[in-house]
Amino acid sequence: MAPEGTAEGAEPDHPFRKVGERTIYEGYVIRVGSAEFEGPGGVEMVRDVVHHPGAVSVVPVKDDGTVVLVRQYRTAIEGMLLEIPAGKRDVDGEPPEVTARRELAEEVGYEAAELEPLIVLAHSPGFCDELNHIYLARGLTPCERAVDGPEEEHMTIVEVPLAEVFSLIGSGELYDAKSVVGVTLAHHRLFGAPGPA
């Protein structure tokens, strides 16, 4: 599959070529493949590749400059994680903006008058093809939450001034990659480049 923004069949800008792949695991969210590539000079390479449907994330900022975060249990780290609202792109063919609006309502109970794209983030391109569409949400109005799953049922909503999230990053309390990128870009979009933590 060509990355978003790259036309299928377009000439690559590199000397590598994928020659095959076999599925070695397929789970609820991800599929793991053993992929074969040919590199410069005909060198053969085998790499594990994790396929993910993609995700959306939202940085909801209220009119007073407060950002709405969530703290929820994440099974991979076996602990609570402070992060921006996010979710999988698990509805086939659904535009990422539509998914982002749904996740914003489900997780924190807000609708946004404005949803601005900030970045499409590659989380771990060394082994995973997940792309995360991150948005800035403004003009927030409350709506009914529709939590999905035990993690969301037990999540808590945390509101902090956007300018203070850099101290949370500096202290290590906010260390989720998509959230660090999202709040930094949101602050830059709204207030200019942040100062030192």
Side-chain angles (χ1 to χ4, degrees), residues 4 52-91 94-124 130-197:
E4 294 188 35
H52 186 284
V56 296
S57 299
V58 185
V59 185
V61 179
K62 293 183 168 183
D63 292 341
D64 64 359
T66 300
V67 63
V68 183
L69 304 173
V70 298
R71 191 184 307 277
Q72 67 175 313
Y73 183 76
R74 289 297 195 180
T75 53
I77 64 167
E78 299 182 39
M80 303 298 286
L81 190 65
L82 185 64
E83 57 187 293
I84 57 179
K88 296 185 302 294
R89 295 187 64 195
D90 53 4
V91 178
E94 184 174 70
E97 180 176 330
V98 174
T99 313
R101 289 186 180 278
R102 186 177 66 251
E103 292 294 337
L104 179 64
E106 284 180 4
E107 293 202 355
V108 294
Y110 282 106
E111 293 177 347
E114 301 174 50
L115 201 62
E116 304 174 41
L118 292 173
I119 192 171
V120 179
L121 182 69
H123 280 278
S124 302
E130 178 186 3
L131 296 177
N132 193 328
H133 296 251
I134 303 180
Y135 294 88
L136 167 63
R138 294 191 286 177
L140 303 179
T141 55
C143 67
E144 188 174 348
R145 290 180 70 206
V147 297
D148 181 24
E151 293 95 343
E152 289 187 10
E153 288 175 13
H154 296 279
M155 73 168 38
T156 56
I157 296 172
V158 180
E159 299 186 5
V160 296
L162 184 57
E164 291 182 13
V165 296
F166 300 106
S167 63
L168 297 177
I169 294 169
S171 70
E173 184 176 352
L174 180 62
Y175 65 94
D176 172 61
K178 68 180 179 295
S179 302
V180 171
V181 171
V183 297
T184 301
L185 291 177
H187 190 282
H188 191 276
R189 180 76 56 92
L190 295 173
F191 305 115

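Keep in mind that this is a model prediction, so the values were computed, not measured.
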S.K.: Specify the closest pair of heavy atoms between Leu136 and Ala186, including all atoms of both residues, with the distance to one decimal.
M.R.: CD1-CB, 3.9 Å
S.K.: My understanding is that only residues two or more places apart in sequence, or in another chain, count here; which of them pass side chain to side chain donor-acceptor pair (under 3.5 Å) with Ser124?
M.R.: none
S.K.: With a cut-off of 3.5 Å and sequence neighbours excluded, list every side-chain donor-acceptor pair involving residues 106-113.
M.R.:
| residue | atom | partner | partner atom | Å |
| --- | --- | --- | --- | --- |
| Glu107 | OE1 | Ala86 | N | 3.3 |
| Tyr110 | OH | Lys62 | NZ | 3.0 |

S.K.: At what distance, to the nearest 0.5 angstrom, does CD of Glu116 lie from CG of Leu190?
M.R.: 7.5 Å
S.K.: May I ask you to test the Leu174-Phe166 pair for a side-chain heavy-atom distance under 4.5 Å?
M.R.: no
S.K.: Would you say the side chain of Tyr73 lies within less than 4.5 Å of the side chain of Met155, judging by non-hydrogen atoms?
M.R.: no
S.K.: As a quick check of understanding, evaluate side chain to side chain contact (heavy atoms under 4.5 Å, CB included) for Val183 and Ile169, giving each step before the final call.
M.R.: CA-CA 10 Å; Val183 297; Ile169 294 169; 4.1 Å; yes
S.K.: With a 4.5 Å cut-off on side-chain heavy atoms, are Leu81 and Tyr175 touching?
M.R.: yes
S.K.: What are the two closest heavy atoms between Tyr135 and Glu97, and how far apart are they?
M.R.: OH-N, 3.3 Å
S.K.: Tell me the closest heavy-atom pair linking Leu121 and Lys178, and the distance in Å.
M.R.: CD2-CA, 4.0 Å
S.K.: Using the side chain to side chain contact (heavy atoms under 4.5 Å, CB included) rule, take Glu151 and Thr75 through it: C-alpha gap first, then chi angles, then the decisive distance, then the call.
M.R.: CA-CA 9 Å; Glu151 293 95 343; Thr75 53; 4.1 Å; yes
S.K.: Return the minimal non-hydrogen interatomic distance between Arg189 and Pro117, and the atom names on each side.
M.R.: NH2-O, 3.3 Å
S.K.: Taking Val58 as the fixed residue, which of Leu118, Leu115, Ile134 is the one that meets the side-chain contact (heavy atoms from CB on, under 4.5 Å) rule?
M.R.: Leu115
S.K.: Judged by atom type as modelled, is there a donor-acceptor pair below 3.5 Å linking the side chain of His187 to the main-chain atoms of Gly192?
M.R.: yes
S.K.: State whether the number of non-hydrogen atoms from other residues, nucleotides or ligands found under 6.0 Å of Glu153 atom CD is greater than 12.
M.R.: yes
S.K.: Kindly indicate, with the supporting measurements, whether the criterion side chain to side chain contact (heavy atoms under 4.5 Å, CB included) is fulfilled by Glu103 and Glu152.
M.R.: CA-CA 11 Å; Glu103 292 294 337; Glu152 289 187 10; 4.2 Å; yes
S.K.: Does the side-chain hydrogen bond (donor to acceptor under 3.5 Å, both in side chains) test come out yes or no for Glu94 and Thr99, once each step is laid out?
M.R.: CA-CA 7 Å; Glu94 184 174 70; Thr99 313; 2.6 Å; yes
S.K.: With the side chain counted from C-beta on, respond yes when Arg71 and Glu173 share a heavy-atom pair under 4.5 Å apart, and no when they do not.
M.R.: yes
S.K.: Walk me through it: do Val70 and Val158 pass the test side chain to side chain contact (heavy atoms under 4.5 Å, CB included)?
M.R.: CA-CA 6 Å; Val70 298; Val158 180; over 6 Å; no
S.K.: Can you name the salt bridge (Lys or Arg N to Asp or Glu O under 4.0 Å) partners of Glu114, sequence neighbours left out?
M.R.: Arg138
S.K.: Kindly indicate whether the side chain of Leu104, heavy atoms from C-beta on, has any atom under 4.5 Å from the side chain of Pro60.
M.R.: yes
